[in-house]
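To start, the structure itself, in structure tokens.
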Amino acid sequence: MGKFVISTRNNGDFQFNLKAGNGEIILTSQGYSSKASCNSGIESVRKNAHDDNRYERKTSTNDKHYFVLKAGNGEIIGNSQMYESASGRDNGIESVKKNAPDATVEEQLS
């Protein structure tokens with residue numbers, strides 16, 4: 001089972017990572033100024049994770065593959081890690097779809 005882990009950045013902003021059951025990070029959020037906004041971001045991931053049209057598949061300048069998950073308004077909710085192959089990236093998308101809806105929320109605040 002996946003989990004969302006809320007943490008604080010060095011600048012005090014909140015962020016979350018969605019981790020798969022094996023502990024691997026599959027999605028990282030932007031920074032949020034409040035914990036409430038961060039929790040809203042988590043709910044947006046839950047709401048949009050199932051919709052394949054919300055994923056934008058990309059390739060970086062060094063030919064690594066990654067994806068972004070967008071909300072219905074086009075705002076980016078989270079970014080993936082870099083993958084060596086397009087198939088690895090697509091497996092990451094499937095992992096978000098599988099893990100996000102029922103993922104628990106854990107806080108690791110400093």
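- Of the N and O atoms on the side chains of Ser37 and Ser34, at least one donor lies less than 3.5 Å from an acceptor on the other residue.
- Residues forming a side-chain contact (heavy atoms from CB on, under 4.5 Å) with Asn22 (at least two apart in sequence, or on another chain): Ala20, Glu24.
- For residues 34-45, every residue pair satisfying the salt bridge (Lys or Arg N to Asp or Glu O under 4.0 Å) rule, not counting sequence neighbours, is listed here: Lys35-Glu107, Glu43-Arg46.
- The side-chain heavy atoms of Asp52 and Lys97, taken from C-beta on, include a pair separated by under 4.5 Å.
- Residues satisfying the salt bridge (charged side-chain N to carboxylate O under 4.0 Å, His left out) test with Lys3, not counting sequence neighbours, are Glu106.
- Counting only residues at least two apart or on different chains, the ring-ring contact (aromatic ring centres under 6.0 Å, His included) pairs with a member in residues 1-53 are Phe4-Phe16.
- Rounding to the nearest 0.5 Å places CD1 of Ile26 at 10.5 Å from CG of Leu69.
- For Asn62, the CG atom sits in a packed shell: over 12 heavy atoms of surrounding residues, nucleotides or ligands are nearer than 6.0 Å.
- The distance from the OG1 atom of Thr104 to the NZ atom of Lys19 is 11.0 Å, given to the nearest 0.5 Å.
- In plain terms, the two heavy atoms of Asp13 and Ser33 that are nearest each other are OD1-CA, 3.9 Å.
- Not one N or O on the side chain of Thr8 forms a donor-acceptor pair closer than 3.5 Å with the backbone of Gly12.
- Using a 4.5 Å heavy-atom cutoff, the side chains of Arg57 and Ile93 are in contact.
- Within a 6.0 Å sphere centred on NZ of Lys47, heavy atoms belonging to other residues, nucleotides or ligands number 12 at most.
- For the atom pair CG of Asn53 and CG of Asn48, the computed distance is 11.0 Å after rounding to the nearest 0.5 Å.
- The CG atom of Leu109 sits 7.5 Å away from the OG atom of Ser7 when rounded to the nearest 0.5 Å.
- Hydrophobic clustering (ILVMFWY, side-chain heavy atoms < 4.5 Å, transitive): Val105 and Leu27 are in one cluster.
- In this structure, Ile42 and Leu18 have side chains that are not in contact, with every pair of non-hydrogen atoms separated by 4.5 Å or more.
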*Apply side chain to side chain contact (heavy atoms under 4.5 Å, CB included) to the pair Met1 and Asn99, showing each step before the final yes or no.*
CA-CA 6 Å; Met1 177 189 249; Asn99 285 283; 5.7 Å; no
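- The stretch residues 61-98 participates, sequence neighbours left out, in these ring-ring contact (aromatic ring centres under 6.0 Å, His included) pairs: Tyr55-Phe67.
- A distance of 12.5 Å separates OG in Ser44 from CG in Asn39, rounded to the nearest 0.5 Å.
- Legend: residues meeting side-chain contact (heavy atoms from CB on, under 4.5 Å) with Lys70, ordered by chain and number and at least two apart, are Glu56, Val68, Ile76.
- Looking only at side-chain heavy atoms (C-beta outward), Gln15 and Cys38 stay at 4.5 Å or farther from each other.
- With rounding to the nearest 0.5 Å, the separation of CD in Glu84 from CZ in Arg89 is 13.0 Å.
- There is a side-chain donor-acceptor pair under 3.5 Å between Thr28 and Asn17.
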